[in-house]
Amino acid sequence: MTRTDSRTALVELSGVSKHYGNVRALEGVSLEVHAGEITCVLGDNGAGKSTLIKIISGLHRHDGGTLALDGEETRLASPREALDRGIATVHQDLAVVALMPVWRNFFLGSEPRKGAGPFKRMDVDRMRRTTRAELLRMGIDLRDVDQPIGTLSGGERQCVAIARAVHFGAKVLVLDEPTAALGVKQSGVVLKYVTAARDQGLGVVLITHNPHHAYLVGDRFVLLKRGTMVGNHTRGEITLDELTSQMAGGDELDDLRHELQGDR
Amino acid sequence: MSATTSDVSDERFLRSSSPLQRLLTRPELGSLVGAIAVFCCFALAADSFLRASSLGTVLYASSTIGIMAVPVALLMIGGEFDLSAGVLVTSSALVSSMFSYRMTANVWVGVGVSLLVTLAVGAFNGIMLARTRLPSFIVTLGTFLMLTGMNLGFTKLISGTVSTRTIADMEGFTTARALFASTLTVGGTHIKVTVLWWLALVALGSWILLRTRAGNWIFAVGGNEQAARAVGVPVARTKTALYMGVALGAWICGQHLLFSYDVVQSGEGVGNELIYIIAAVIGGCLITGGHGSAVGSAVGALIFGMTSKGIVFAEWNPDWFTFFLGAMLLLATLLNTWVRRRAEASK
């Protein structure tokens, strides 16, 4: 890969590989994530997208290539370490508790407290206020932060999860198929908040199999196919049509078309 | 999530719920309506039900269930059951009594040892659950059976009979009785000290659930264990603490049992675990976890107390008690489900 930017990337993978026993899940994948940019990872089912996420979010260790954070080569030991180094991952299942109010979900696992000794308690006022303010900063006006998060739509929940990651000081946001289960309009809302996070200076990794969504917001595009990287482009180098055709398998699609027409 | 909500636009972000809707989503609402209904029913059916002395009797019956219903409700909100809770009360009383009788001269030593042993059983339940990843129904069913056997076995081995020897003449008995089994007179009504223990536990349980970090974790491990783990909530530690909470309740109840009668029958307590669970469920705890309240469990226990004593005051055949309890459980659960569905649908 040619370096396209002189700045140090927040996250830089070069030639990363991962094997599960004899199975090659990922081979020679390179990508860069810069502050204030969105790097899209595109690929069909089984292309290795989830393996890539697991390496960036610290769930799995890579066996080949290098992973550098802020230019410093490293190997993440756990999701906790990834979080501590500013990499927040929003998984598809979102890690929210449906029956709990929005504000309790927002701070779950990192509750601010006040008081001392046996009277140590959660700073509920601050939690409510901060939740409202942080959501507002992302452009979500949620008047009642006491409603169970399960009563929000899928898109809204995704937005809360993103706002939570931003609030807790993430420098890099990894989003796993944030629009996969959503309708057109809801997807639009989520993509708006993804760009809002980018505008606040975060580096975003957007995993998707939808080239249209990727092209709307992406600055860089990494294409995966059966564990290998088949393309790595910046926005200026590629058009939506090219992206779509590469994503859909380009030549394979042509073959399929001939085959189907030949049957007539 | 996908197609059905895609037509909902950004305006949903602006929506808020009215105070009435918020009231309707409170977990204890259904049980409160039920409690008022039961109260009115017995107030009409039995003249003696409204007397001040009856109030003391009802509150006492409610408190012995209520003390356990609070930690059982917290555990249920955390997504687990404890079937060993009923016999653990007896175990706690037996340990206290027999240790005092055999090993020392002062009952307070037995009371202290009993606290440690009871908490250890609670910790055992929690650690077994975390380590084996078996359902809590199975783990605590095992503890329940083992404790039932040990209660009988050890008592016969040590005392030679199925009940313990009296410890009424031992040092410290009077002070221990004052703490666990005394009667206070408030405005002509005799109130057992267990009522105070009960109220204190309800307050403590509510404080923990609503205002502490631990409370946030309890709701989270019961509502969505994977999500809680993913954001760094110590799931095993939270659940073990909840089981130890149940053990603490069992210790208080067990000491009350011991010091109000000075001997303990080793076969007691079997079946009470279900009554604690019933009180928690009537009080609005979701059987699947993640929702409920300590106050609700108190109202559930109150319904239990009013029904069990009200039947006596009304001079009905007490054989019908369990029938009423069962009907109450079904009605309260249906009401809770209906109310919650209405409240959530109207959003």
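Reminder, nothing fancy here: chain letters follow the sequence lines and each chain counts from 1. Since the structure is predicted, the reported quantities are computational estimates derived from the model, not experimental observations.
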- Task: Before giving the answer on side chain to side chain contact (heavy atoms under 4.5 Å, CB included), spell out for A/Leu69 and A/Leu10 the whole-Å C-alpha distance, their side-chain angles and the decisive distance to 0.1 Å.
- Result: CA-CA 5 Å; A/Leu69 302 181; A/Leu10 293 173; over 6 Å; no

- Partner chain B: residue of A/Met100, A/Arg121, A/Lys120 with the largest heavy-atom pair count (under 4.5 Å): A/Met100

- Query: Side chain, backbone, both or neither: which part of A/Arg113 has a heavy atom under 4.5 Å from chain B?
  - Reply: side chain

- Task: Return yes if a side-chain donor-acceptor contact under 3.5 Å exists between A/Thr131 and A/Arg104, otherwise no.
- Result: no

- Task: Would you mind telling me which of B/Val233, B/Ile208, B/Asn216, B/Thr212 has the largest number of heavy-atom pairs within less than 4.5 Å of chain A?
- Result: B/Asn216

- Between the side chains of A/Thr179 and A/His213, is a donor N or O closer than 3.5 angstrom to an acceptor N or O? yes

- Note on the structure: Bottom line for A/Pro118: the part with an atom under 4.5 Å from chain B's heavy atoms is backbone

- When the ring centroid of A/His167 is compared with that of A/Phe107, is the distance short of 6.0 Å? yes

